[in-house]
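Note that this is a predicted model, so its numbers are computed, not measured. In what follows, every chain begins at residue 1, and chains take the letters A, B, ... in the order their sequences are listed. In what follows, every heavy atom counts, from backbone to side chain, and hydrogens, waters and symmetry copies are set aside.
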Amino acid sequence: MKYLRLKKNTDIQKLFKKGKRAFCGGLSAVYAPSPELKMAVIVSKKHGKAVKRNRVKRLLRQAFFNTCGNIPFACAVALVPKAAESYSLKSFEKWLCGIYKKM
RNA sequence: CGAGUCGGUCAUACGGUCGCGGGCUGCGAGAGCAGCGUGAGGAAAGUCCGAGCAUCGCAGGGCACGGAUGCCUGCUAACGGCAGGAGGAGGCGACUUCAAGGAAAGUGAACAGAAAUAUACCGCGGCAGUUUUGCCGUAAGGGUGGAAUGGCGAGGCAAGAGCUCACCGUCGCUUUGGUAACAAGGCGAGCCAGUUAAACCCCAUCCGAUGCAAGAUUGGGAUAAGGGCUGCGUUCAAUCGCGGGGCUGCCCGUCCGUCCUUAUCCGUUAAUAUCGCUUUAGCUUGCCGGUGACGGCAAGCAUAGAUAGAUGACCGUACACGACAGAACUCGGCUUACAGACCGGUCUCGGAUC
RNA sequence: GCGGGUGUAGUUCAAUGGUAGAACACUAGCCUUCCAAGCUGGUUGCGUGGGUCCGAUUCCCAUCACCCGCU
């Protein structure tokens, strides 16, 4: 299933002001209804240096790509993982499905 | 064979499915779709130096109670880098390592110690007095200290002292070798003054400021607040003088008639578009010159360019089971991190054999 | 990404290369019937690793951590 990147700074600011939040495991999501499915990944510097941050981003994008068929309605989502020592694709997918159920 | 030393190379590989950035080609009005090919490093890191490039300023010049560098010769676009050499230190050795200009321009240097660049505390010796002692000579010994009149031996002396002598060290002059740093030798001076300049300082050389979030192109308006300016005298006159402001910290010099800054609101993607943005001190190979850094010539190659920021997921095979780590304008260095694997040297030491 | 700055006691800050200090905090004693306040005393330190120096918190180099500015 295709999705778009959420890129503009102003859009993200609006999303954080108006959107609802959902949590599952080590992952939190901010979402708001929109005509197209949009996604952004937010990884702060607390996660480590560039290699670690890129690793987290790639895993989260892959997990979202694998599971975004289960999303109940079209919306804009920002995904914020919590800082941890190690990450895995399967746990991200589990947490994403948990978030979709709560939405 | 073992131990070592120096230098270099690589940094999981291959196949399949899905996914991402850029490019080219084709289709399409367009959004986009299809195909082909391509897509992180030796340090991409730290941002410690040096440049390109851009803007500001430009007639530019000078001065720094600004900064950097500091043995010599070369290399380089340049450098605080590199190469070769000199000297000190370490190692049996190959080799490693070193912030290594100047103290006869001046200033400063805790505590301890008698005394730190000027001196006699104890001691040793002479003279006087003899109960303590006083005067003089003395740096051999003690003690203090990081540092105390160059070291050691012999002579000498009242006791001592480069006071005298040999050797070593130091300083001055000179010869030879070397482009030079410097080295070796000769002659002379008994050595009247230490150490510290990663303390101030002096000398020599170099340096305008800011950084691609630089900057360029295209692209609207309204309102409010604050600041600056022509402010004063004079003149027909911005003409002249004073004052004010900009130009690098200051000075000389030079320029200056209507602008600048901030906040809020509406509106197109507008701090988000397009350019800068990747072809250059470029890479590879061969030959030549040079001890070397490096230079020259010839042939071949084109090799990321994102902009919330692209390399991932899964499966299979192999083994050593994969370290440090992710381009953000670009180069040349330096420094720091790093699982391991491999290669080389008219390299070194030890043992064995011939 | 580019530029700049700071590391000192549990906390906030000082200190010219020569024994590292102040305030609050903590703690022991005195005072009080007890607590608070007050008085007297004490404990706790130079981010890390090298170098220069007789001697480094201070000077030099490297490294680590944190903070700020620029869209």
B/C65 glycosidic torsion: syn (within 90° of 0) vs anti: syn

Taking atom C1' in both B/A270 and B/U307, compute the distance separating them and give it to the nearest angstrom. 16 Å

So, do A/Asn66 and A/Gln62 sit near enough that their side-chain heavy atoms are less than 4.5 Å apart? yes

Measure the CG-CZ distance between A/Leu89 and A/Arg58 for me, rounded to the nearest 0.5 Å. 14.0 Å

Among B/G326, B/G312, B/G309, which nucleotide sits nearest the side chain of A/Asn54? B/G326

Interatomic distance, A/Met39 CE vs B/C20 P [rounded to whole Å]: 12 Å

Answer with yes or no whether A/Arg58 presents, from its side chain, a donor or acceptor under 3.5 Å of a partner atom in the base of B/G326. yes

Under 3.5 Å on both distances, the Watson-Crick or G-U partner of B/G267: none

The glycosidic conformation of B/U278, counting syn as within 90° of 0 and anti otherwise, is syn

With C1' as the reference atom in both, quote the distance from B/G286 to B/C6 in angstrom, rounded to an integer. 28 Å

Check side-chain hydrogen bond (donor to acceptor under 3.5 Å, both in side chains) between A/Thr67 and all other residues, then give those that pass, not counting sequence neighbours. A/Tyr100

Across all strands, who's sitting opposite B/U196 as a Watson-Crick or G-U wobble pair, both distances under 3.5 Å? B/G108

pair A/Leu60-A/Leu27: side-chain heavy atoms closer than 4.5 Å: yes

To the nearest angstrom, how far is A/Asn66 atom CG from B/C18 atom P? 14 Å

When both distances are under 3.5 Å in a Watson-Crick or G-U wobble arrangement, the nucleotide paired with B/G146 is none

Closest to the A/Val51 side chain, choosing from B/C18, B/A325, B/G312: B/A325

Distance check, C1' atoms only: C/G21 and C/U63, in whole angstrom units. 30 Å

Minimum-distance pair of heavy atoms, taken over all atoms of A/Phe92 and A/Ala63: CB-CB, 3.8 Å

Classified by glycosidic angle (syn within 90° of 0, else anti), B/U303 comes out syn

If pairing means Watson-Crick or G-U wobble with both distances under 3.5 Å, then the partner of B/G125 is B/C136

Given B/A310, B/G312, B/A327, the nucleotide with the shortest approach to the side chain of A/Ala50: B/A327

Which part of the nucleic acid, if any, lies within contact of A/Arg53, taking any heavy atom under 4.0 Å across all strands shown: a base, the sugar-phosphate backbone alone, or nothing? nothing

Kindly give the heavy-atom pair with the smallest separation between A/Cys24 and A/Gly98, and that separation in Å. SG-CA, 4.0 Å

Between B/G39 and B/G345, how far apart are the two P atoms, rounded to whole Å? 35 Å

Counting only Watson-Crick pairs (N1-N3 plus N6-O4 or O6-N4) and G-U wobbles (N1-O2, O6-N3), all under 3.5 Å, who is the partner of B/U55? B/A209

Between B/G146 and B/A161, how far is it from one C1' atom to the other, in whole Å? 27 Å

P-based separation of C/G69 from B/A78 [nearest Å]: 41 Å

Tell me which nucleotide, if any, is Watson-Crick or G-U wobble paired with B/A304 when both distances must be under 3.5 Å. none

Whole-Å distance, A/Phe65 CZ to B/U311 C1', equals 16 Å

Whole-Å distance separating the NZ atom of A/Lys57 from the C1' atom of B/U307: 12 Å

Between P of B/G312 and CZ of A/Phe92, the distance in whole Å: 16 Å

Base orientation of C/U57, chi within 90° of 0 counted as syn, else anti, reads anti

Could you write out RNA chain C as a dot-bracket string, with dots for unpaired bases, | for bases paired across to another strand, and Watson-Crick or G-U pairs counted at under 3.5 Å? (((((((..((((....[..)))).(((((.......)))))....(((((..]....)))))))))))).

In whole Å, I'd like the distance from the CD atom of A/Gln62 to the C1' atom of B/A310. 14 Å

Please report the distance, rounded to the nearest Å, between CG in A/Leu79 and C1' in B/A308. 13 Å

To the nearest 0.5 Å, how far apart are CD1 in A/Ile99 and OG in A/Ser28? 7.0 Å

Mapping A/Arg55 and A/Val41 onto RNA chain B by nearest heavy atom, which one lands closer to the 5' end? A/Val41

Roughly how many Å apart are B/A68 and B/C49, using the P atom of each and rounding to a whole number? 10 Å

Applying a 3.5 Å limit to both distances, which nucleotide forms a Watson-Crick or G-U wobble pair with B/A11? none

Only pairs with both distances under 3.5 Å count, Watson-Crick or wobble alike; so what is the partner of B/C36 in this structure? B/G23

Inter-nucleotide C1' distance (B/A281, B/C72), Å rounded: 28 Å

Atom CG of A/Leu89 and atom C1' of B/G19 are separated, to the nearest Å, by 13 Å

Should B/A40 be called syn or anti, with syn set as within 90° of 0? syn

Please round to the nearest 0.5 Å and tell me the distance separating atom CD of A/Glu93 and atom CG of A/Leu59. 10.0 Å

